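Notes follow the structure.
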Amino acid sequence: MAIWQERAELLFKEEGLQKLKDAKVLVVGLGGVGSFAAEFLARAGVGNMTIVDGDTVDITNINRQLPALHSTIGMPKVKVVGDRLMDINPELNLIRIEEFISPERAHEIVTEDFDYVLDCIDSITPKINLILAAKRKKVKVISAMGAGGKMMANKIVIKDISKTDVCPLAKQIRKRLKKEGISSGVKAIFSTEKPDESSLKMTDGSNFKKSFFGTNSWMPALFGLNSAEHVVRYILSK
(Lines give C-alpha, C1' and ligand atoms only; values in the text may rest on other atoms or scores of the structure.)
Protein backbone atom coordinates (compact mmCIF):
# COMPACT_ATOMS: atom_id res chain seq x y z
CA MET A 1 0.00 0.00 0.00
CA ALA A 2 1.20 3.48 -0.86
CA ILE A 3 1.38 5.84 2.13
CA TRP A 4 -1.15 8.21 0.55
CA GLN A 5 -3.75 5.41 0.67
CA GLU A 6 -3.50 4.80 4.43
CA ARG A 7 -6.93 6.27 5.21
CA ALA A 8 -8.52 4.47 2.26
CA GLU A 9 -7.15 1.11 3.41
CA LEU A 10 -8.78 1.54 6.82
CA LEU A 11 -12.14 1.81 5.05
CA PHE A 12 -11.72 -0.37 1.95
CA LYS A 13 -9.35 -2.94 3.52
CA GLU A 14 -6.39 -4.43 1.64
CA GLU A 15 -8.63 -6.56 -0.56
CA GLY A 16 -10.71 -3.56 -1.57
CA LEU A 17 -7.66 -1.51 -2.47
CA GLN A 18 -6.41 -4.36 -4.66
CA LYS A 19 -9.78 -4.57 -6.43
CA LEU A 20 -9.61 -0.84 -7.15
CA LYS A 21 -6.00 -1.06 -8.30
CA ASP A 22 -6.91 -3.83 -10.74
CA ALA A 23 -10.06 -2.09 -12.01
CA LYS A 24 -10.24 -0.57 -15.47
CA VAL A 25 -12.54 2.41 -15.97
CA LEU A 26 -13.38 4.61 -18.96
CA VAL A 27 -14.42 8.25 -18.46
CA VAL A 28 -15.72 10.03 -21.56
CA GLY A 29 -16.18 13.79 -21.27
CA LEU A 30 -14.04 15.87 -18.90
CA GLY A 31 -16.35 18.79 -18.28
CA GLY A 32 -18.07 19.61 -15.01
CA VAL A 33 -19.20 16.02 -14.40
CA GLY A 34 -16.40 13.93 -15.89
CA SER A 35 -13.47 15.91 -14.52
CA PHE A 36 -14.66 15.49 -10.94
CA ALA A 37 -15.63 11.84 -11.51
CA ALA A 38 -12.15 11.06 -12.83
CA GLU A 39 -10.51 12.78 -9.85
CA PHE A 40 -12.62 10.93 -7.28
CA LEU A 41 -11.89 7.61 -9.02
CA ALA A 42 -8.15 8.32 -8.98
CA ARG A 43 -8.15 9.37 -5.32
CA ALA A 44 -10.13 6.22 -4.45
CA GLY A 45 -7.33 4.16 -5.97
CA VAL A 46 -8.65 3.02 -9.35
CA GLY A 47 -5.49 1.80 -11.04
CA ASN A 48 -6.36 1.85 -14.75
CA MET A 49 -8.21 4.70 -16.38
CA THR A 50 -8.86 5.91 -19.90
CA ILE A 51 -10.02 9.51 -20.29
CA VAL A 52 -11.54 10.90 -23.49
CA ASP A 53 -12.23 14.52 -24.47
CA GLY A 54 -11.45 16.56 -27.56
CA ASP A 55 -12.13 19.97 -26.03
CA THR A 56 -9.90 22.69 -24.63
CA VAL A 57 -10.51 24.75 -21.51
CA ASP A 58 -12.68 27.79 -22.19
CA ILE A 59 -13.08 30.78 -19.88
CA THR A 60 -16.79 29.98 -19.55
CA ASN A 61 -15.85 26.63 -17.95
CA ILE A 62 -14.32 28.27 -14.88
CA ASN A 63 -17.55 28.38 -12.86
CA ARG A 64 -17.97 24.57 -12.79
CA GLN A 65 -15.13 22.47 -14.28
CA LEU A 66 -12.17 21.08 -12.35
CA PRO A 67 -9.49 21.73 -15.02
CA ALA A 68 -10.70 25.26 -15.74
CA LEU A 69 -8.47 28.04 -14.39
CA HIS A 70 -7.40 31.32 -15.92
CA SER A 71 -3.95 29.74 -16.26
CA THR A 72 -5.27 26.73 -18.23
CA ILE A 73 -7.49 28.50 -20.79
CA GLY A 74 -6.85 27.03 -24.23
CA MET A 75 -5.18 23.88 -22.92
CA PRO A 76 -6.57 20.41 -23.79
CA LYS A 77 -8.72 19.06 -20.99
CA VAL A 78 -7.15 15.61 -21.33
CA LYS A 79 -3.76 17.17 -20.59
CA VAL A 80 -4.87 19.24 -17.60
CA VAL A 81 -6.98 16.48 -16.05
CA GLY A 82 -4.50 13.77 -17.01
CA ASP A 83 -1.55 15.59 -15.46
CA ARG A 84 -3.57 16.14 -12.31
CA LEU A 85 -4.53 12.46 -12.08
CA MET A 86 -0.89 11.41 -12.46
CA ASP A 87 0.09 13.87 -9.74
CA ILE A 88 -2.48 12.23 -7.46
CA ASN A 89 -1.31 8.70 -8.25
CA PRO A 90 2.02 8.44 -10.12
CA GLU A 91 1.42 4.70 -10.52
CA LEU A 92 -1.89 5.19 -12.33
CA ASN A 93 -2.04 3.43 -15.69
CA LEU A 94 -3.60 6.30 -17.64
CA ILE A 95 -4.55 6.41 -21.31
CA ARG A 96 -5.47 9.84 -22.71
CA ILE A 97 -7.53 10.14 -25.89
CA GLU A 98 -7.84 13.71 -27.15
CA GLU A 99 -10.81 13.60 -29.50
CA PHE A 100 -14.55 14.09 -29.68
CA ILE A 101 -15.96 10.60 -29.76
CA SER A 102 -17.60 9.56 -33.05
CA PRO A 103 -19.97 6.60 -33.53
CA GLU A 104 -17.18 4.49 -34.99
CA ARG A 105 -14.64 5.44 -32.34
CA ALA A 106 -17.11 4.76 -29.52
CA HIS A 107 -17.23 1.12 -30.57
CA GLU A 108 -13.44 1.01 -30.88
CA ILE A 109 -12.65 2.68 -27.56
CA VAL A 110 -15.14 0.67 -25.48
CA THR A 111 -13.72 -2.81 -24.96
CA GLU A 112 -14.94 -5.80 -22.97
CA ASP A 113 -12.19 -5.50 -20.36
CA PHE A 114 -13.53 -2.26 -18.87
CA ASP A 115 -15.24 -2.71 -15.51
CA TYR A 116 -17.29 0.43 -16.01
CA VAL A 117 -17.92 3.21 -18.51
CA LEU A 118 -18.83 6.68 -17.27
CA ASP A 119 -20.74 8.68 -19.87
CA CYS A 120 -20.16 12.32 -18.94
CA ILE A 121 -20.92 13.73 -22.40
CA ASP A 122 -23.38 16.62 -22.64
CA SER A 123 -24.46 16.10 -26.28
CA ILE A 124 -27.18 13.64 -27.22
CA THR A 125 -25.80 11.85 -30.29
CA PRO A 126 -22.36 11.06 -28.81
CA LYS A 127 -24.06 9.92 -25.57
CA ILE A 128 -26.24 7.49 -27.48
CA ASN A 129 -23.25 6.12 -29.40
CA LEU A 130 -21.26 5.56 -26.21
CA ILE A 131 -24.16 3.88 -24.40
CA LEU A 132 -24.82 1.63 -27.41
CA ALA A 133 -21.13 0.67 -27.57
CA ALA A 134 -21.12 -0.24 -23.88
CA LYS A 135 -24.35 -2.23 -24.11
CA ARG A 136 -23.20 -4.15 -27.18
CA LYS A 137 -19.88 -4.97 -25.53
CA LYS A 138 -21.76 -5.96 -22.34
CA VAL A 139 -19.89 -3.37 -20.25
CA LYS A 140 -21.62 -1.62 -17.37
CA VAL A 141 -22.32 2.05 -18.02
CA ILE A 142 -23.58 4.98 -15.98
CA SER A 143 -24.82 7.97 -17.96
CA ALA A 144 -25.05 11.53 -16.62
CA MET A 145 -28.24 13.35 -17.50
CA GLY A 146 -28.81 17.10 -17.25
CA ALA A 147 -27.17 19.00 -14.39
CA GLY A 148 -27.96 22.39 -15.93
CA GLY A 149 -30.74 24.62 -14.67
CA LYS A 150 -30.69 22.87 -11.28
CA MET A 151 -29.86 24.10 -7.78
CA MET A 152 -30.84 21.40 -5.27
CA ALA A 153 -28.16 18.89 -4.32
CA ASN A 154 -30.58 16.58 -2.51
CA LYS A 155 -32.59 15.88 -5.67
CA ILE A 156 -29.83 13.84 -7.34
CA VAL A 157 -30.61 10.14 -7.76
CA ILE A 158 -29.27 7.11 -9.63
CA LYS A 159 -31.80 4.79 -11.25
CA ASP A 160 -32.24 2.67 -14.34
CA ILE A 161 -32.80 4.83 -17.41
CA SER A 162 -36.35 3.43 -17.61
CA LYS A 163 -37.11 4.96 -14.19
CA THR A 164 -35.94 8.50 -14.98
CA ASP A 165 -38.43 11.37 -14.87
CA VAL A 166 -38.58 15.19 -14.86
CA CYS A 167 -35.21 15.53 -16.66
CA PRO A 168 -35.68 16.69 -20.30
CA LEU A 169 -32.35 15.18 -21.41
CA ALA A 170 -33.24 11.81 -19.89
CA LYS A 171 -36.50 11.83 -21.83
CA GLN A 172 -34.65 12.34 -25.11
CA ILE A 173 -32.09 9.65 -24.27
CA ARG A 174 -34.88 7.17 -23.38
CA LYS A 175 -36.60 7.78 -26.72
CA ARG A 176 -33.40 7.42 -28.74
CA LEU A 177 -32.36 4.25 -26.91
CA LYS A 178 -35.82 2.74 -27.36
CA LYS A 179 -35.42 3.13 -31.12
CA GLU A 180 -32.24 1.07 -30.79
CA GLY A 181 -34.07 -1.63 -28.86
CA ILE A 182 -32.81 -0.61 -25.42
CA SER A 183 -35.39 0.21 -22.76
CA SER A 184 -33.45 -0.62 -19.60
CA GLY A 185 -30.11 -1.83 -18.28
CA VAL A 186 -28.41 1.57 -18.26
CA LYS A 187 -27.74 3.35 -14.98
CA ALA A 188 -28.59 7.05 -15.15
CA ILE A 189 -27.71 9.82 -12.72
CA PHE A 190 -30.23 12.64 -12.85
CA SER A 191 -32.06 15.21 -10.79
CA THR A 192 -35.76 15.14 -9.99
CA GLU A 193 -35.69 18.95 -9.77
CA LYS A 194 -37.39 20.73 -12.65
CA PRO A 195 -34.86 22.79 -14.63
CA ASP A 196 -35.14 26.58 -14.57
CA GLU A 197 -36.46 27.24 -18.08
CA SER A 198 -35.54 30.93 -17.80
CA SER A 199 -31.85 29.91 -17.79
CA LEU A 200 -32.03 28.19 -21.20
CA LYS A 201 -29.89 29.59 -24.03
CA MET A 202 -30.06 28.51 -27.68
CA THR A 203 -26.92 27.82 -29.73
CA ASP A 204 -25.98 27.47 -33.40
CA GLY A 205 -26.28 23.71 -33.10
CA SER A 206 -22.56 22.95 -33.39
CA ASN A 207 -21.09 19.91 -31.60
CA PHE A 208 -24.54 18.27 -31.47
CA LYS A 209 -25.85 20.92 -29.06
CA LYS A 210 -28.86 23.08 -29.86
CA SER A 211 -29.16 24.69 -26.42
CA PHE A 212 -27.86 24.64 -22.85
CA PHE A 213 -29.05 25.64 -19.38
CA GLY A 214 -27.28 27.90 -16.95
CA THR A 215 -25.10 25.93 -14.53
CA ASN A 216 -23.74 26.52 -11.03
CA SER A 217 -20.51 25.41 -9.41
CA TRP A 218 -21.75 22.41 -7.44
CA MET A 219 -24.33 20.44 -9.43
CA PRO A 220 -22.00 19.05 -12.14
CA ALA A 221 -19.43 18.18 -9.47
CA LEU A 222 -22.08 16.34 -7.44
CA PHE A 223 -23.11 14.37 -10.53
CA GLY A 224 -19.46 13.39 -10.91
CA LEU A 225 -19.11 12.56 -7.22
CA ASN A 226 -22.19 10.35 -7.18
CA SER A 227 -21.15 8.61 -10.40
CA ALA A 228 -17.71 7.86 -8.98
CA GLU A 229 -19.21 6.60 -5.72
CA HIS A 230 -21.51 4.25 -7.63
CA VAL A 231 -18.61 2.83 -9.65
CA VAL A 232 -16.24 2.47 -6.69
CA ARG A 233 -18.87 0.67 -4.63
CA TYR A 234 -19.57 -1.66 -7.55
CA ILE A 235 -15.86 -2.49 -7.88
CA LEU A 236 -15.54 -3.12 -4.12
CA SER A 237 -18.56 -5.44 -4.18
CA LYS A 238 -17.25 -7.63 -7.02
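It should be emphasised that the depicted structure is a prediction, and the values quoted were computed from it without experimental measurement. Only this structure's heavy atoms are used, side chains among them; waters, hydrogens and symmetry mates stay out. Starting from 1, each residue takes its place in the sequence as its number.
Partner Pro67 forms a side-chain contact (heavy atoms from CB on, under 4.5 Å) with one of Thr56, Val80, Asp83 and no other, that one being Val80. Here the rule is side-chain contact (heavy atoms from CB on, under 4.5 Å) with Ile109, and of Val117, Val28, Ile101, Ile95 only Ile101 fits it. Among the candidates Lys140, Lys24, Lys21, Lys238, the single residue satisfying the salt bridge (Lys or Arg N to Asp or Glu O under 4.0 Å) test with Asp115 is Lys238. Applying the ring-ring contact (aromatic ring centres under 6.0 Å, His included) test between His230 and each of Tyr116, Phe223, Phe40 identifies Tyr116 as the sole match. Just one residue in the list Ile128, Leu130, Leu26 forms a side-chain contact (heavy atoms from CB on, under 4.5 Å) with Asp119, and that residue is Leu130.
Residues Asn216 and Asn63 fail the side-chain proximity criterion, which asks for heavy atoms closer than 4.5 Å. Taking 4.5 Å as the limit, every side-chain heavy atom of Cys120 sits out of range of all side-chain heavy atoms of Ser227. By the 4.5 Å heavy-atom criterion applied to side chains, Val78 and Val52 are not counted as neighbours. In this structure the side chain of Glu14 reaches within 4.5 angstrom of the side chain of Glu9, judged on heavy atoms. Taking 4.5 Å as the limit, some side-chain heavy atom of Phe190 sits within range of a side-chain heavy atom of Asp165. Put simply, the side chain of Ile156 reaches to within 4.5 Å of the side chain of Ile189, judged on heavy atoms. In this structure, Met145 and Ile161 have side chains that are in contact, with non-hydrogen atoms separated by less than 4.5 Å. No side-chain heavy atom of Glu39 sits less than 4.5 Å from a side-chain heavy atom of Val81.
Cluster annotation: Ile158 is connected to Val231 through the hydrophobic network of ILVMFWY side chains, with a link wherever side-chain heavy atoms come within less than 4.5 Å.
In this structure a side-chain-to-backbone donor-acceptor pair under 3.5 Å is present from Trp218 to Met151. Not one N or O on the side chain of Glu193 forms a donor-acceptor pair closer than 3.5 Å with the backbone of Lys155. In this structure, Lys137 contributes its side chain and Thr111 its backbone to no donor-acceptor pair below 3.5 Å. Of the possible polar contacts, none joining the Ser123 side chain to the Ile121 backbone as a donor-acceptor pair under 3.5 Å is found. With hydrogens and angles ignored, the 3.5 Å screen pairs no side-chain donor or acceptor of Lys138 with any backbone N or O of Lys135. Remark: side-chain polar atoms of Lys79 are not paired, donor with acceptor, to backbone N or O of Arg96 under 3.5 angstrom. Here the side chain of Asn129 pairs no donor or acceptor atom with the backbone of Glu104 at under 3.5 angstrom.
Applying the ring pair (Phe, Tyr, Trp, His ring centres under 6.0 Å) test to every pair with at least one member in residues 44-65, sequence neighbours left out, gives no pairs at all.
The cationic atom of Lys201 (NZ for Lys, CZ for Arg) does not lie both less than 6.0 Å from the six-membered ring centre of Phe212 and within 45° of the ring axis.
Between atom CG of residue Asn93 and atom OG1 of residue Thr50 there is a gap of 7.5 Å, rounded to the nearest 0.5 Å. Put simply, CE on Met86 and CE on Met49 are 10.5 Å apart, with the number rounded to the nearest 0.5 Å. Between Ser35 atom OG and Ile51 atom CD1 the span is 10.5 Å, to the nearest 0.5 Å.
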In a table with atom names and distances, give each donor-acceptor pair under 3.5 Å that connects a side chain of residues 174-187 to protein atoms at least two apart or in another chain.
{"unit_1": "Arg174", "atom_1": "NH1", "unit_2": "Thr164", "atom_2": "O", "d": "3.1"}
{"unit_1": "Arg174", "atom_1": "NH1", "unit_2": "Thr164", "atom_2": "OG1", "d": "2.7"}
{"unit_1": "Glu180", "atom_1": "OE1", "unit_2": "Arg136", "atom_2": "NH2", "d": "3.4"}

(request) For the pair Glu99 and Arg105, evaluate side-chain contact (heavy atoms from CB on, under 4.5 Å) and give the outcome as yes or no after the intermediate values. (result) CA-CA 9 Å; Glu99 61 183 84; Arg105 285 292 284 150; 2.8 Å; yes
(message) side-chain contact (heavy atoms from CB on, under 4.5 Å), that's the test. Do Lys77 and Asn61 meet it? Break it down for me.
(response) CA-CA 11 Å; Lys77 291 179 183 177; Asn61 301 153; 3.6 Å; yes
